[in-house]
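Worksheet for the structure shown next.
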Amino acid sequence: IVLEDVTVAGIQAGAPVTAQNAIIKGGTFQKTVNMDENSIIAGGSFQQEVSANGSITGGTFQQNVRASGEITDGQFDAEVDLGYNGTITGGTFQKNVKASGTINGGQFDATVQLDSSNAQILGGVFNNIKLPDYYTLEGTVIRNAVITGSLMADTSSKAAVSNTVSFSPIESRHLSLIHISEPTRH
């Protein structure tokens, strides 16, 4: 099934779907869905793998999702692979997330593996965060996050962590130097 230059709602698709410049607002998708950078998934139930170059603003995903666009919401019950230019600003993630892009928010109930020196966490609630296993020159940035599990790092990681609450210790070599100004008194 090819959806091109349309908005669809409530369809029942039993065959693979390719979306080009399309908006999917709901329905049940029993086979794979591939969407271009001009397409949006705004809802629906996706029972097989989704490859999303556009935006995901809602929906329930039962199989792996490869995303190089933006994820702002959704329920992800399988692993997510966030590409280099991808962003996550919201959603609930039940399984592992491998991120080469930027995470600005969301609820992550499994491990988030930062997979490049480009990867950043700028907000969200995380169970576990695993830093890249290789030396990164610039270092990975984690700030404004809550870590309920642990921050796992290789000894050569140059990650910088700031403004982050963690329920387990963060090694001092990962903490960013932060200048805190005292309030002015009048």
Side-chain angles (χ1 to χ4, degrees), residues 1-130 132-133 140 142 144-149:
I1 299 172
V2 176
L3 305 174
E4 188 170 353
D5 298 323
V6 295
T7 299
V8 296
I11 72 169
Q12 304 298 315
V17 172
T18 299
Q20 300 170 340
N21 199 30
I23 300 172
I24 298 172
K25 289 188 172 178
T28 301
F29 299 84
Q30 298 168 352
K31 301 291 181 185
T32 61
V33 174
N34 294 296
M35 59 184 274
D36 72 0
E37 66 277 356
N38 297 315
S39 295
I40 299 170
I41 294 176
S45 175
F46 300 86
Q47 297 171 358
Q48 292 297 317
E49 186 172 288
V50 173
S51 178
N53 293 317
S55 298
I56 297 174
T57 62
T60 302
F61 302 85
Q62 297 170 4
Q63 294 295 324
N64 294 352
V65 174
R66 287 187 331 260
S68 58
E70 181 178 21
I71 298 174
T72 59
D73 198 8
Q75 175 71 36
F76 298 85
D77 297 328
E79 293 188 359
V80 173
D81 187 349
L82 181 67
Y84 190 78
N85 292 320
T87 60
I88 296 174
T89 58
T92 302
F93 301 83
Q94 300 295 325
K95 302 288 183 182
N96 293 343
V97 173
K98 185 166 88 173
S100 296
T102 301
I103 298 174
N104 293 308
Q107 173 71 43
F108 300 85
D109 295 334
T111 297
V112 173
Q113 163 75 51
L114 299 179
D115 207 37
S116 77
S117 60
N118 182 60
Q120 297 185 80
I121 292 177
L122 304 177
V125 177
F126 302 85
N127 183 27
N128 295 313
I129 298 174
K130 186 167 186 334
D133 288 333
T140 302
I142 300 171
N144 303 323
V146 174
I147 304 170
T148 60

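What you see below is based on every heavy atom in this structure, not just the backbone, and it leaves out hydrogens, waters and symmetry mates. Source: prediction; values computed, not measured.
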Nearest atoms (heavy-atom pairs only) where S116 meets S100: OG-O, 3.2 Å
If you take all heavy atoms of A99 and A119, which pair is closest and at what distance? O-CB, 3.4 Å
Do you know which two heavy atoms are closest between Q94 and A110, and how far apart they sit? O-CB, 3.6 Å
To the nearest 0.5 Å, tell me how far Q120 CD sits from L114 CG. 9.5 Å
Between OG1 of T28 and CD of Q12, what distance do you get to the nearest 0.5 Å? 4.0 Å
Determine the sole option in T87, L82, T57, I40 for which the side chain to side chain contact (heavy atoms under 4.5 Å, CB included) test with E70 is passed. T87
To the closest 0.5 Å, what do you measure between CE (M35) and CG (N21)? 10.5 Å
Quick one, F93 with I103, criterion side chain to side chain contact (heavy atoms under 4.5 Å, CB included). Give me CA distance, side-chain angles, the key distance, then yes/no. CA-CA 12 Å; F93 301 83; I103 298 174; over 6 Å; no
Could you go step by step and tell me if D81 and N64 meet the side chain to side chain contact (heavy atoms under 4.5 Å, CB included) rule? CA-CA 8 Å; D81 187 349; N64 294 352; over 6 Å; no
Would you mind reporting whether I41 and F61 have side-chain heavy atoms less than 4.5 Å apart? yes
Which value, rounded to the nearest 0.5 Å, describes the distance between D109 atom CG and N127 atom CG? 7.0 Å
To the nearest 0.5 Å, how far apart are CZ in F76 and OG1 in T60? 9.0 Å
Taking all non-hydrogen atoms of both residues, which atom of N118 and which atom of Y84 are closest, and how far apart? ND2-O, 2.9 Å
Quick check: do I24 and F29 have side-chain heavy atoms less than 4.5 Å from each other? yes
Please tell me if the side chains of V65 and F46 come closer than 4.5 Å, counting only heavy atoms from C-beta onward. no
Do the side chain of T111 and the main chain of I129 share a donor and acceptor less than 3.5 angstrom apart? no
Smallest heavy-atom separation, D77 atom then K95 atom, equals O-CG, 3.4 Å
As an exercise, state the distance from CG of N104 to OG1 of T89, rounded to the nearest 0.5 Å. 6.5 Å
Nearest heavy-atom contact between Q63 and A78 is C-CB, 3.2 Å
Side chains of S68 and N53: do they bring a donor and an acceptor to under 3.5 Å? yes
